[in-house]
Amino acid sequence: MRKGISRRRFLKSSAALAAAAAGSHLLTPFAFAQDGLPFEVGPEAMNPLGLEAGKKVEGIFFEGGFGRSYIDNAADLFRALHPDNEMTVEGIQRVQEVLQPRFIGGNPPDVIDNSGAGNIPMDALVADDQLADLAPLMNAASLDTPGKTFAETLFPGSQATGVFDGKQLLLNIAFTVSGVWYSQSLFADNGWEYPQTWDDMLALSETIKTSGISPWTYQGKYPQYMVFGVFMPLVYKVGGIETLKALDNLEDGAWTSEPVLQAANMIYQLAANDYILPGTEGLTHTESQAEWLQGHAAFIPCGTWLENEMRDLTPEGFDMVIAPVPGPTADTYSSILAWPGEPYIVPKNAANVAGGMEFMRCMLSKANAQFFAKEISAIMPVFGGSEGIELSSALQSALSAAESAGDGLFNYFWKDWYSALGDGTRDAMGQLLTKRSTPEQFLETIQAVADEVKADEDIPKYTHS
Amino acid sequence: MSKNKYHIIIPFLLPAVVLYAVFVMFPYGKAIYISLTKWRGLTPNPEFIGLENFQKLLGDDLFWNALSHNLIYLIFIPAITLSIALYLAFLLTHGKARFSRFYRVTFFFPQVMSLVAIGVLWSFVYHPTIGILSSIAGLLGAKEPIAWLGNPDVALIAVGAVVVWQAVGFYMVLFIAGMESIPVSYYEAATIDGASRWDLFWRITLPMLWDTIRTAMVFLAIGAIDMFAITQTMTEGGPNRSTDVLATYVYDRAFLKSNFGYATAVAVAMFVLAFLLSLLTMRATQRESLEY
C-alpha cells in the first residue's frame, strides 16, 4: 500500500476472509481487498491509538469452545490495517500455567484471551495491578462503524464486568444469554407449550413425568449450572435487582432474606417432586447434555455456548431453543440473564500496549462480529453483529429472548468477584437438588460462606450500585 | 594416600551434590519460603507475612476436611490392599490354583496403566446410566440408577476402591516373589509337625515376608497422602468436597484461586505429614530381619 492513501478498503464479506484465513495466514490481505463489499476506514480510524510502525504485536489466546478462527480473522483485519506490524497469534489452553512465568518475568504478551478452565483469576490480576487501563481504546474511533467511538459500538452494559474502580481493565468479546433449553420438535410432537410461570412449569413437569420422560436434568457434577441457570433468575424475578445488589454487596443476611428463600423453595420443588433425571448428580456437564439430547430429559439449564459445545451429538431436527426461566407471575417471564464473557486483557507491562489495544479494536469490529455469528453461532456484544447473517434456531431464540427482555436483561457479579462464594453455592446447590438439605439449610450454608468472604480482609471488595 | 583421598572424592561427589542441591534442596527451601508469604503468583516479589498462612490453616475447615479424607485413606487403603494382596499371593503360590500365571498377569495389569486412564475408565464404570455397576445394581433390583460419584456418602469409598483395585496386583506380585524365596523345607517341616494352612501363613510366611510388607506399607501410606491424580480425574474433590484431599486442595488454592502462598503452606503441611509418617512406619515396623 502506498503512502498518502487516506482510506483503505476492506472486505466486508467475512466468509471470503474466513476462506482466505483458512487457506493461509500468511496470505497478504491485499489479495482480496478490492473485491466483494468493502468497508471503508476513515482517516481518523486508521491509527487512533498511535501504534508505532514496525513494532511487533504478540497475542496469546485461550483456544476453547469458540476455536481460533475468529481470532485469526481479527488478526487478518489487523494485518491489513497495519501491514508494517507483525502480528502473531498463538492458541493455548490453561492460560495460567502458560503465562504465569511471563507475568512474573515482567514480559507478558501484548494481548491475552484469559478464559476457560485454568485461566488467571481476574481478581488476582486486578489486585496486583497487572492490567492496562483501556480508556484510550474505549475513546478511539471505531474501525468500521463510522462516526462512533469504539465504546459506542458495544452493547450498553456489556463491558460493566470489566470496570474495576472506574477503570476498564478487560473486554468481553462474547455475549452469553443463559436460560432453560428444550427441543422445539419434542414439544411440538407432544403438544407441550413452554410455561409462562413457575407454577405452570411445575404443572408441565408433572405432565412430562407421567409421559415417561424426566422433566429436568442439570450438569450433575457441576451444580453451578443450576445456580446461574435457574436459581439466580428466580431470585431476580422474585426480588428484583435490589435483591441481586444486596447479594453482590455482601449485605448481612442477604442470602437468608425472604425473596431468596422463596426462590430456593421454588427450585427445590424440582427435587422434592422427583422431576430430575435419576442419576443426574453423577454425570458430567457433557454427559448430562447428551442425555438431554437423547430425549431422556426435557429441560436443561445452560448458556448460549450449548449449541456449539454439543454440535456433534445433536440429532437432526432437534431444534434446540432457549427460553427465560419462568417467574412467579407471567409479567416477570421475559427477563433473562445475560452476561458478557470470554474476557480479553492487555497487560500493563506488555512491550506493545498500544498494539494490544489496536488488536482489540479489530477483534470487536462489526466485520468480526458477523464472522463470529456466522461461523461460531455466537454473539459478540457489537451493534450490527448479526446483520445479514442466517441464524440457527438456538442463536435466533437467544437473540429474540434478549430483545424481548428489553430492560429485563440482568446480570449479577458475586460469581466474578468472589470465587469462594462460587464454590459455596455450587456445593450447596448439589446438596439441595439431591434433597440432602432443605431450602433453609441451603441458604444458611451459603450465608456462612458469604460472611466469611466479607470478613476476609485479603479479598478485595466491590460494589454493585 | 589417605591424605589425598579428598582430592579424588570431592570432584567425583561434586556434580551429584550440585545437581541435588539445585533440583531438590533449593525447590524445597524455596517452597518453605513461599509458604511464609502472601503471593498470588503474578509478581516476582512475594510479600513476607511470617507464619500467618499456617495460623490460617489451623482454622480452615476445608483444610481439615481434606486432611480427614487423607487420614481415612491412610487407615483403610494400606490395610485392605495388603490383606487382599497377601491373600492372593498366598493362594497363587500355595493354593495350586489353575491358570495361576494367567491370574498373575491379569491382576498385575492395572499397574501398567496410567492413573489418569484408570480414573477415566472407572468414571465410566461408575456412570449412573451406562455404567456396568449401575446395570448390575439394576439387575439386582435397584429401581433408580445409583450416582456413585455424585453421592457424597459413597464417593470417597468409590474413589478409594479404585486405588485398591489398581494397587493390589503390584503388591501381589511383590509378595509372590518374596514367598517363592522362602525355602520349602520350612513348610515341609511344619506340615510334618501337623501345622494347618493358617499356621503356615501366620507363623512362616508372614514373619519371613516382614521386610517386604514394611516397604509396601510405606509406599501405600505415602500414596494415601497423595491421591491427586485419581481424585482430580474422577471427582475434582466433589460432590460437596466429600472427596477433597490435601493435594486437590493445594491445586484448588494455587491454580484456581491464585493463592500460591497459602497453597504452598498446605503443601508444606502435607510434606511434614508424609515425612513423619514414613519415619513412624519405619520405626513401628522395625524388627530384626531374618536371614535364610
Side-chain angles (χ1 to χ4, degrees), chain A residues 94 96-97 99-106 108 117-130 217 220-223 274 277-284 287-288 290-291 294 296 347 349 419-420 422-424 426-434 436-437 445 448 452 456 458-459, chain B residues 38-47 49 52-53 56 59-62 65 120 123-124 126-131 133-134 137-138 142-155 158 234-244 251-262:
Chain A
R94 304 217 158 262
Q96 176 155 32
E97 283 167 29
L99 290 182
Q100 191 173 23
R102 305 220 15 205
F103 273 97
I104 296 173
N119 63 350
I120 311 175
M122 280 305 172
D123 43 1
L125 285 168
V126 173
D128 275 350
D129 194 22
Q130 291 288 322
T217 188
K221 293 182 182 172
Y222 308 101
D274 293 325
L277 176 74
T280 289
E281 67 271 27
L283 301 171
T284 66
E287 285 168 353
S288 62
E291 294 282 331
Q294 289 160 21
H296 297 155
N349 299 325
S419 49
D423 287 359
R426 173 199 68 198
D427 292 341
M429 181 57 81
Q431 296 291 86
L432 181 73
L433 294 175
T434 49
R436 289 190 176 85
S437 68
T445 311
E452 256 176 58
D456 191 338
D458 289 344
I459 302 175
Chain B
K38 184 168 13 176
W39 190 46
R40 293 194 191 83
L42 293 170
T43 52
N45 305 313
E47 178 193 340
I49 53 166
E52 210 175 284
N53 283 328
K56 205 160 124 193
D60 182 354
D61 291 343
L62 296 178
N65 169 61
V120 172
S123 298
F124 283 111
Y126 287 132
H127 193 289
T129 53
I130 58 168
L133 274 180
S134 285
K143 287 194 200 90
E144 292 203 336
I146 304 168
W148 305 93
L149 298 177
N151 183 337
D153 305 326
V154 185
M234 290 181 71
T235 62
E236 296 174 33
N240 201 21
R241 295 196 179 271
S242 62
T243 57
D244 217 6
Y251 178 82
D252 178 85
R253 292 294 116 161
F255 296 100
L256 302 180
K257 306 286 155 27
S258 222
N259 207 339
F260 283 82
Y262 186 67

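A, B, ... follow the sequence lines: proteins, then strands. Residue 1 opens every chain. All values below were derived from every heavy atom in this structure, side-chain atoms included, with hydrogens, water molecules and symmetry-related copies excluded.
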Checklist entry - If every non-hydrogen atom of B/Pro145 is compared with every non-hydrogen atom of A/Pro278, which pair is closest and at what distance? => result CG-O, 3.5 Å
Next on the checklist: With a 4.5 Å cut-off on side-chain heavy atoms, are A/Glu287 and B/His127 touching?
Outcome noted: yes
Item to check | Heavy-atom pair of closest approach, residues B/Pro128 and A/Gly279 | outcome: CG-O, 3.1 Å
Item to check | Donor-acceptor under 3.5 Å (B/Lys257 side chain, A/Pro121 main chain) | outcome: no
Item to check | Heavy-atom pair of closest approach, residues B/Leu42 and A/Gln130 | outcome: O-NE2, 4.2 Å
Next on the checklist: Using side-chain heavy atoms (C-beta onward) and a distance below 4.5 Å, is A/Arg94 in contact with B/Phe255?
Outcome noted: no
Checklist outcome for this item: Under 4.5 Å to a heavy atom of chain B? For A/Leu125 that would be both
Item to check | Contact winner vs chain B - A/Glu452, A/Arg436, A/Lys221, heavy-atom pairs under 4.5 Å | outcome: A/Arg436
Item to check | Region of A/Arg102 that comes under 4.5 Å of a non-hydrogen atom in chain B | outcome: neither
Next on the checklist: At a 4.5 Å cut-off on heavy atoms, which part of B/Tyr251 comes close to chain A: side chain, backbone, both, or neither?
Outcome noted: side chain
Next on the checklist: Quick check on A/Asn349 against chain B: is it the side chain, the backbone, both or neither that has a heavy atom closer than 4.5 Å?
Outcome noted: neither
Next on the checklist: Given A/Asp423, which partner from the list B/Leu62, B/Asp252, B/Leu256 fulfils the side chain to side chain contact (heavy atoms under 4.5 Å, CB included) test?
Outcome noted: B/Asp252
Checklist entry - Measuring from B/Asn240:CG to A/Met429:CE, what's the distance to the nearest 0.5 Å? => result 12.5 Å
Item to check | Close side-chain approach of B/Ser258 to A/Gln96, heavy-atom, < 4.5 Å | outcome: yes
Item to check | Selection from A/Gly105, A/Ala127, A/Gly118 maximising heavy-atom pairs under 4.5 Å formed with chain B | outcome: A/Ala127
Item to check | Most contacts with chain A, counted as non-hydrogen pairs under 4.5 angstrom, among B/Thr235, B/Ile130, B/Asn151 | outcome: B/Asn151
Checklist outcome for this item: When the 4.5 angstrom heavy-atom criterion is applied to A/Glu291 and chain B, the contacting part is side chain
Checklist entry - What residue, out of A/Asp129, A/Thr284, A/Asp128, has the most heavy-atom pairs lying under 4.5 Å from chain B? => result A/Asp128
Next on the checklist: Regarding A/Asp123 and B/Arg40, does a basic nitrogen lie under 4.0 Å from an acidic carboxylate oxygen?
Outcome noted: no
Checklist entry - Does any non-hydrogen side-chain atom of B/Lys56 lie less than 4.5 Å from one of A/Asp458? => result yes
Checklist outcome for this item: The interface call for B/Asn259 against chain A, heavy-atom contacts under 4.5 Å, is neither
